[in-house]
Asker: 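What follows is a structure written as structure tokens; I'll ask about it next.
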Number of protein chains: 2
Amino acid sequence: MVKRTAKGSARAPRRTDSLSRELIIQTAIEILDSGGEKALTLRALTVRLSTGYGAIYHHVADKSDLLATAADDVITGVLSGAVTDADPRTALRRLALGLFDAIDAHPWVGAEFSRQPWRPALLDFYESIGRLLDALDVPEKARFDAAGALVNYVLGVAAQNAANARRLAGSDTDRATFLQNAATRWAQIDPGRYPFVHAAATHLGEHDDREQFLLGVDIFLAGIATLR
Amino acid sequence: MVKRTAKGSARAPRRTDSLSRELIIQTAIEILDSGGEKALTLRALTVRLSTGYGAIYHHVADKSDLLATAADDVITGVLSGAVTDADPRTALRRLALGLFDAIDAHPWVGAEFSRQPWRPALLDFYESIGRLLDALDVPEKARFDAAGALVNYVLGVAAQNAANARRLAGSDTDRATFLQNAATRWAQIDPGRYPFVHAAATHLGEHDDREQFLLGVDIFLAGIATLR
DNA sequence: ACCTGAACACCGTTCAAGT
DNA sequence: ACCTGAACACCGTTCAAGT
């Protein structure tokens, strides 16, 4: 016997969509995207969903479950869109760039996967890398280690992006002035003791994170070619 | 007028070394090494040093200052010991391995530097890398990006080591059974859909983190050689 | 089954008060 | 100057109680 909604029409019928795991996770993603990892608190979630703590814990094991699932959700679509019909080198670059862009747009995802690189959501990523290395004639044993190294590189960049985003979210300076500050600080470094670091400060202002990332991937691919 | 210590001899003269920034940081390092990042709380520090909160905040700005300085302290000696008289390739491998071993011994240091890769304590590291790339005839512009990529790789591995250590510290399973569990979980992955990942599970048990790290460095150096 | 919200056991940090 | 420790403003998580 389903009860009729006897009081459903009192007041403006506040949408009746009850709480669900999916809704909680989507809301968490919104909070994370707009305010960063620090902004996602259970309190913030209860307010945004106008519910209580217990309601959330009924659908979600704990906060780390919430964060991990949110990260999975963001990354899943990105990786499924990867096309692998191009030549292996191009496909690998595309794959790495796809992950870079997704993490660049959602830095908290980078922090999460750098903590938990073995999440099932990354399975397709590993599998694609492995197959592409195969296509590049990398021997089986080396393929495993090479894939690991490449993933470490990608997630290393991811973690740094996340750290940068956290720093920017904390202060009220924007990216440009942040880089400016960093550049001037680096420029003050003693050129006698640290000639390379001092010279590097020159390039800091004009450098593009995405391009630098891609150059790293290229170095990697060139190195992998020697394993054949 | 310096007061004479009139009551200094009452009871066993409990060593008179008063609190200092250095003592606080050394104690923090001990706590971090034995219990991981989670174990370092202000409470734990006050107990271990038998003092109050204010005493600590008198010598240290806040907890992140404490963590950063502790990480600096651990890494400083390691990098100053690096010898650079070997051929550049060997020296680079040695440098990377030195950082790997230090972070392997103190995983929380890896987490910290992956969050703050521009700490002054890493200056010598960057400088050495830059000079060695110079010795390898890498053009100046590419040298900057190549150094960044290499650092990203090293710190990416560092972050993963830290994450693994955190996971092991949390559970009561040791490293061997942890790898065992991971291997069996990976082996259950559908070999039809994920042939590479499934095959990789075979190597998981016999693989050595340090060796895999070094192979990554070698791939990198081989790739860098093509930039000449 | 699904939800509420007070309560609990923690955090880092501050600050009036002591010596 | 250096230290004490109660107090504050937060956390994540639990759980008796409601529907």
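Letters A, B, ... are given to chains in the order of the sequence lines, protein chains preceding strands, and every chain is numbered from 1.
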Asker: Nearest whole Å is fine: how far is C/dA16 C1' from B/Tyr57 OH?
Answerer: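 Computing the B/Tyr57:OH to C/dA16:C1' distance gives 17 Å.
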Asker: When the distance from CG of B/Leu67 to P of C/dC11 is rounded to whole Å, what number comes out?
Answerer: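 Taking CG of B/Leu67 and P of C/dC11, I get 15 Å after rounding.
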Asker: Can you check whether B/His59's main-chain N or O pairs, donor with acceptor, with B/Arg21's side chain at less than 3.5 Å?
Answerer: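 Flag set: sc B/Arg21 to bb B/His59 pair under 3.5 Å.
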Asker: Does the pair B/Arg48/B/Glu30 count as a salt bridge with the N-to-O cut at 4.0 Å?
Answerer: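 Looking at B/Arg48 and B/Glu30, the cut-off is met.
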Asker: Base, sugar-phosphate, or nothing: which does B/Leu40 touch, judged by heavy atoms less than 4.0 Å apart?
Answerer: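 The residue B/Leu40 makes sugar-phosphate contact but no base contact.
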Asker: Using the ring-ring contact (aromatic ring centres under 6.0 Å, His included) rule, collect all pairs that involve residues 107-132 of chain A, keeping only residues at least two apart or in two chains.
Answerer: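 Of all non-adjacent pairs touching residues 107-132 of chain A, those that pass ring-ring contact (aromatic ring centres under 6.0 Å, His included) are A/Trp118-A/Tyr126, A/Trp118-B/Trp186.
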Asker: Heavy atoms from C-beta onward define the side chain here; which of C/dG12, D/dG12, C/dT13 lies closest to that of A/Lys63?
Answerer: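 For A/Lys63, the side-chain atoms sit closest to D/dG12.
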Asker: Could you give the CG-to-P distance, from B/Leu66 to C/dC11, as a whole number of Å?
Answerer: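 The answer, rounded to whole Å, is 15 Å.
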Asker: For a quick check, with a 4.0 angstrom heavy-atom cut-off, what is the B/S/- contact string for nucleotides 2-7 of chain D, read 5' to 3'?
Answerer: BSBBB-
Asker: Just the rounded figure in Å: distance from P of C/dT13 to CG of B/Leu45.
Answerer: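 Rounded to whole Å, this separation is 12 Å.
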Asker: Within the side chain of B/Tyr153, is there an N or O that forms a donor-acceptor pair under 3.5 Å with the backbone of B/Phe213?
Answerer: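 Side chain of B/Tyr153 to backbone of B/Phe213, a donor-acceptor pair under 3.5 Å: yes, one is there.
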Asker: Dot-bracket notation for DNA chain D is requested: 5' to 3', Watson-Crick or G-U wobble pairs only, both distances under 3.5 Å, with ( ), [ ], | and . as defined.
Answerer: ||.|||||...|||||.||
Asker: Tell me the closest heavy-atom pair linking A/Ala121 and A/Ile75, and the distance in Å.
Answerer: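 Shortest heavy-atom separation between A/Ala121 and A/Ile75 comes out as CB-CG2, 3.8 Å.
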Asker: Which distance, rounded to the nearest 0.5 Å, do you find between the CG of A/Leu214 and the CG of A/Asp208?
Answerer: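 A/Leu214 CG to A/Asp208 CG: 9.5 Å, rounded to 0.5 Å.
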Asker: Test B/Leu95 against every option in B/Val217, B/Ile129, B/Val78 by the side-chain contact (heavy atoms from CB on, under 4.5 Å) rule and name the one that passes.
Answerer: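 Single side-chain contact (heavy atoms from CB on, under 4.5 Å) partner of B/Leu95 among B/Val217, B/Ile129, B/Val78: B/Ile129.
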Asker: Once you round it to whole Å, what is the distance between P of C/dT14 and CG of B/Asp62?
Answerer: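 One finds 8 Å between P of C/dT14 and CG of B/Asp62, rounded.
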Asker: Do the charged groups of B/Glu37 and A/Arg115 touch, with an N to O distance under 4.0 Å?
Answerer: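 Salt bridge: no.
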